[in-house]
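Protein chains get the first letters and strands the later ones, always in sequence-line order, with residue 1 at the start of each.
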Amino acid sequence: MVLKCCPFHPALTRLLPFFIMLLFVRWEEEKYEDGVKWKFLEHNGPYFPPEYQPLPDNVNFFYKGEKVKLSPAAEEVAVFFAQMLDHEYTTKKVFRENFFKDWRKEMTPEEKSLIKDLEKCDFREIHAMHKAKVEARKSMSKEEKQVIKEANQKIVEEYGYCLLDHHRERIGNFKIEPPGLFRGRGEHPKQGMLKKRIQPEDVIINCSKDSRTPIPPAGHHWKEVRHDNTVTWLASWTENIQGSIKYIMLNANSKLKGEKDWEKYEVARKLKSCVDSIRNQYLLDLKSKEMVKRQRAVALYFIDKLALRAGNEKEEGETADTVGCCSLRVEHITLHNQLDGNEWVVEFDFLGKDSIRYYNKVPVIKKVFKNVNLFMENKEPGDELFDRLNTNLLNKHLSSLMPGLTAKVFRTYNASITLQQQLKELTNKSDNVAEKLLSYNRANRAVAILCNHQRAPPKTFEQSMANLQAKIDARKEQLALAKTELKQAKKEAKSKGNSDPKLQTLVERKKAAVKRCEEQLLKMEVQATDREENKQIALGTSKLNYLDPRISVAWCKNMDVPIEKIYNKTQREKFAWAIDMTEADFEF
DNA sequence: TTGTTTACTTAGGAGAGTACGA
DNA sequence: TCGTACTCTCCTAAGTAAACAA
C-alpha cells in the first residue's frame with residue numbers, strides 16, 4: 001500500500017522497505033529484558049537556581065511602621081510573599097497562616113520575638129521593587145533580550161541534554177525547582193507553606209556506572225549517585241511540602257517516552273476489540289448477588305460512559321478535597337426518577353483533579369439507577385458511595401479481563417474513539433481547509449467535554465468577544481450599505497436598458513463587494529461561535545494525552561490538511577513516531 | 001489485607017513569544 | 001509601528017497504578 005501510492009522516484013521506491021525498517025528500528029529497536037530501560041546514561045546533573053540576592057539598602061521591610069533589617073533567610077521568604085501581593089490568595093486565611101508559621105521558622109530569635117503579627121507587616125517597598133523589576137524586564141531592548149536568550153541557550157546546551165543508549169536526548173525539566181511559597185490548586189490545606197531551596201545534598205543522581213558522573217556545584221556533594229537502569233529518571237529529590245519525590249526526566253520527544261506513548265495507545269486499541277464483552281459483563285454484574293461486584297459494575301459503567309478518573313483514595317488534610325469515581329461520596333450524587341423529560345437521571349457534582357468541578361446530569365439505565373439508590377441507603381452525605389470498592393480492586397479485575405487494562409485506559413479509549421467517530425461525521429472532503437479545521441476543533445472539543453478539560457475563561461475574554469461582536473456589527477452595516485449600492489447600480493443599469501458596459505461593470509463590482517462582505521461576515525461569525533464554544537474548554541490536554549496521534553495524522557493525509565495546521569512544533573516532535581509511521585488508512 | 005513508597009502520566013495556569021490589525 | 005490578543009512553552013501540582021512492606 002505504501003508502494004502503490006508512492007510519489008517517490010523508482011530508485012527510492014526500491015529503498016522504501018529499508019526506510020520502513022529504519023523507522024521500525026528507530027521506534028522499536030532492541031527491547032531490553034523486563035524492566036530494563038537503558039544500558040548507558042550520561043548527563044551533567046540538574047541545573048540549580050541562582051542564590052538569593054539580598055535587598056538593596058533603599059528597599060526596606062517595615063514592622064508596625066518601623067524599618068526592620070531582616071536576616072537573609074527571613075528576608076528571602078519575605079520577598080516570596082511580597083512578590084505575590086497582587087494575587088488573591090495572599091488574602092486567604094489558610095495561605096496567610098501557613099506562610100506566617102513557616103516564615104517565623106526562618107527568623108532569628110530576635111526577629112521572632114519582634115514580628116508576631118502578619119497584619120502589622122509592610123511589604124510594600126519590596127513589592128514595588130519587584131514590580132519595577134518585572135517592568136524593566138518587559139521594556140528591555142531587543143539586544144538586551146538577545147543577550148539573555150543566548151545565556152539561556154548556553155544553559156540548555158550544558159544541562160538540557162543527556163546521552164541515552166547512543167541517542168542524544170532532550171531532558172524535559174533539567175532545572176531544580178526554585179524555592180517559593182507553595183500554592184496548591186483549590187482549597188489546599190498547605191497553601192502558603194514555604195517550599196524550601198533544594199541543595200545538591202538533597203539530590204540523588206541516576207546514571208550508568210560507566211558514564212561520567214555529574215559534578216556537583218563547588219563545595220557540595222550529591223546525596224547519592226545510583227545506577228538503576230530499571231527507571232527512566234536522571235535525578236530526584238524529596239520535596240518538603242508533601243514529602244513526595246520529584247524527578248528529572250526526559251522530554252516527551254525522546255525515544256523512551258515515545259515508545260511508552262505508543263504502547264499506551266496500543267493497549268487502548270486492544271480494548272476496542274474486547275470492549276463489547278467487557279460491557280456485557282459489567283451489565284450482567286449489575287444484578288450480582290455480591291455487593292462488591294455490583295459496586296464494581298456501577299463504577300465501571302460510570303468510568304466507561306462518563307470517562308471518569310479512577311479515584312484513588314488520598315490522605316485527608318494533606319491535599320484539597322477532590323474525588324474520582326471510586327472515591328465518590330453520597331454528597332456528590334443526587335438521584336432523579338424524572339428530570340427534564342428523562343427517566344433515571346444521576347446528577348453529579350464534585351471537584352475532580354486540580355479541583356475542577358464536574359457537573360453533569362446523566363440519564364442512566366434503570367439497573368444502574370436502582371443500584372446507586374441502594375448504595376446510598378442509610379448513609380451520611382460524607383460516606384463513600386462505593387464502600388466496598390477501591391481502585392486496586394477495580395484494576396485487579398480489569399487486568400484479569402485484558403492484560404494491561406486499568407481504569408484509565410477507558411479514558412484513552414473513549415477519547416480516541418470519539419475523535420475518530422466525530423471526524424468521520426463532521427468532515428467533508430470537499431470542504432476548504434478552514435472548514436475542515438473547524439470540524440477538527442469541534443471533534444477535539446467533543447473529547448475535551450467528555451474528559452471535562454476546563455480552563456479559566458481568559459481574563460480578556462469578555463472584552464475580546466465584545467470587540468469581535470463590534471467588528472461583526474460594523475461588517476453587517478457595511479454589508480447593508482453594499483447591498484443598497486448594488487440595488488442602486490442595478491436600477492441605474494436597468495434604466496439604460498442594461499446596455500451601458502460601464503454600468504454593467506459597476507454592477508459586477510458591487511456584486512463582488514456584497515459577496516466578499518458576506519464571506520467575511522460568515523467567517524467572523526464562525527470565529528465568534530468557535531471562541532464562545534471554547535470559552536471554558538481546554539483542547540490541549542486531550543490532544544496531548546488522550547488522542548491517538550495516528551488518528552489525526554491519517555485524517556490530515558486523507559483530507560489534504562498540512563499536519564502543521566493541527567500540531568505545533570512541540571506537538572509534532574512529541575508525535576514524531578506517529579507522523580513517521582501512519583498511513584492514510586489507519587484505523588484506531 | 002492494608003498502608004506506604006515509588007515512578008510515571010496528566011493537568012491548568014503564568015508568562016514569554018509571536019502574529020495580526022489599526 | 002505599536003499595542004493587543006492569541007499561541008506556545010515552561011512550570012510544577014495532582015493524579016494513576018504498581019511494587020513493596022507490615
* How many Å lie between NZ on A/Lys408 and P on C/dA14, as a whole number? -> 19 Å
* Contact under 4.0 Å: A/Arg137 side-chain N or O vs B/dA16 OP1/OP2 -> yes
* Structure fact -> Side-chain atoms of A/Asp354 come closest, of B/dC8, C/dA17, B/dG12, to B/dG12
* To do: Verify, without hydrogens or angle tests, whether A/Asn251 (side chain) and A/Lys574 (backbone) share a donor-acceptor contact under 3.5 angstrom.
  => no
* Distance flag, aromatic centroids of A/Phe174 and A/His43, threshold under 6.0 Å -> no
* Asked: Angle class for the A/Tyr89/A/His87 ring planes (parallel below 30°, perpendicular above 60°, tilted otherwise)?
  -> parallel
* To do: Name the nucleic acid region contacted by A/Gly352, choosing base, sugar-phosphate or nothing; use a 4.0 angstrom heavy-atom cut-off, strictly under.
  => sugar-phosphate
* To do: Between A/Glu313 and A/Glu239, name the one whose nearest nucleotide on DNA chain C is closer to the 5' end.
  => A/Glu239
* Within a reach of under 6.0 Å around NZ of A/Lys92, are more than 12 heavy atoms found that belong to other residues, nucleotides or ligands? -> yes
* Is it true that A/Arg550 and A/Glu266 have a side-chain N and a carboxylate O under 4.0 angstrom from each other? -> yes
* Asked: How about A/Phe588 and A/Tyr265: are their ring centroids closer than 6.0 Å?
  -> no
* Structure fact -> Walking DNA chain C from its 5' end, the first of A/Thr319 and A/Gly404 to be reached, judged by nearest nucleotide, is A/Thr319
* Does A/Arg357 make a cation-pi contact with A/Tyr359 (under 6.0 Å, within 45 degrees of the axis)? -> yes
* To do: Would you indicate what A/Lys37 reaches in the nucleic acid, counting non-hydrogen atoms under 4.0 angstrom: base, sugar-phosphate, or nothing?
  => sugar-phosphate
* Asked: How many Å lie between CG on A/Leu308 and P on C/dT16, as a whole number?
  -> 11 Å
* Any donor-acceptor N/O pair, A/Ser416 side chain to A/Tyr546 backbone, under 3.5 Å -> yes
* Asked: Would you say a side-chain N or O of A/Lys353 is under 4.0 Å from OP1 or OP2 of B/dT9?
  -> no
* Gap between atoms NZ and C1', on A/Lys142 and B/dG17 respectively (whole Å) -> 12 Å
* Asked: When all nucleic acid strands are considered with a 4.0 Å heavy-atom cut-off, which category describes A/Gly311: base, sugar-phosphate, or nothing?
  -> sugar-phosphate
* Asked: For the pair made of CG in A/Asn390 and C1' in C/dA18, what is the distance, rounded to whole Å?
  -> 14 Å
* Mind checking A/Ala407 for me? I need base, sugar-phosphate or nothing, with any heavy atom below 4.0 Å counting as a touch. => sugar-phosphate
* To do: Could you check which of B/dA7, C/dA17, B/dG12 has an atom nearest any side-chain atom of A/Thr541?
  => B/dG12
* **Donor-acceptor contact present, side-chain A/Lys264 to main-chain A/Thr412, <3.5 Å** => no
* Asked: Hey, does the side chain of A/Arg309 come within less than 4.0 Å of C/dA14's phosphate (OP1/OP2), counting only N and O?
  -> no
* Comparing A/Thr232 and A/Glu315 on DNA chain B - which has the more 5′ nearest nucleotide -> A/Glu315
* In whole Å, what is the span from the NZ atom of A/Lys574 to the P atom of B/dA11? -> 11 Å
* Asked: OP1 or OP2 of C/dA14 less than 4.0 angstrom from a side-chain nitrogen or oxygen of A/Thr322, does that happen here?
  -> no
* Would you say A/His453 reaches B/dA11's phosphate, i.e. side-chain N/O to OP1/OP2 under 4.0 Å? -> yes
* Structure fact -> Of A/His87 and A/Ser244, the one whose closest nucleotide on DNA chain B sits nearer the 5' end is A/Ser244
* Asked: In whole Å, what is the span from the CG atom of A/Asn452 to the P atom of C/dA14?
  -> 17 Å
* Do any side-chain nitrogens or oxygens of A/Arg411 fall under 4.0 Å of OP1 or OP2 in B/dA11? -> yes
* For atom CG of A/Asn152 and atom P of B/dG15, their distance in whole Å -> 17 Å
* What's the closest nucleotide to the A/Lys260 side chain, out of C/dA14, B/dC8, C/dG15? -> B/dC8
* B/dC8 phosphate, OP1 or OP2: any side-chain N/O from A/Lys264 under 4.0 angstrom? -> no
* Interface with DNA chain C, restricted to residues 391-400 of chain A and to heavy atoms under 4.0 Å -> A/Asn395
* Asked: Taking the side chain of A/Lys314 as its heavy atoms from C-beta onward, which of C/dG15, B/dT9, B/dT6 lies nearest to it?
  -> C/dG15
* For A/Leu351 and B/dA11, what is the distance between atoms CG and C1' respectively, to the nearest whole Å? -> 15 Å
* Would you please indicate if the ring centroids of A/His188 and A/Phe182 are separated by under 6.0 Å? => yes
* **Phosphate-side-chain proximity, A/Tyr546 and B/dA11, N/O vs OP1/OP2 below 4.0 Å** => yes
* Asked: So, A/Glu169 and A/Lys255, do they make that salt bridge, N to O below 4.0 Å?
  -> no
* Asked: Reading nucleotides 3-12 of chain C 5' to 3', which nucleotides get B (base under 4.0 Å from a protein heavy atom), which S (sugar-phosphate only), which -?
  -> --SS-SS-SB
* Asked: Side chain of A/Gln242: nearest nucleotide among B/dT9, C/dA17, C/dA14?
  -> C/dA14
* Classify the ring geometry between A/Tyr440 and A/Trp555 as parallel (under 30°), tilted (30 to 60°) or perpendicular (over 60°). => tilted
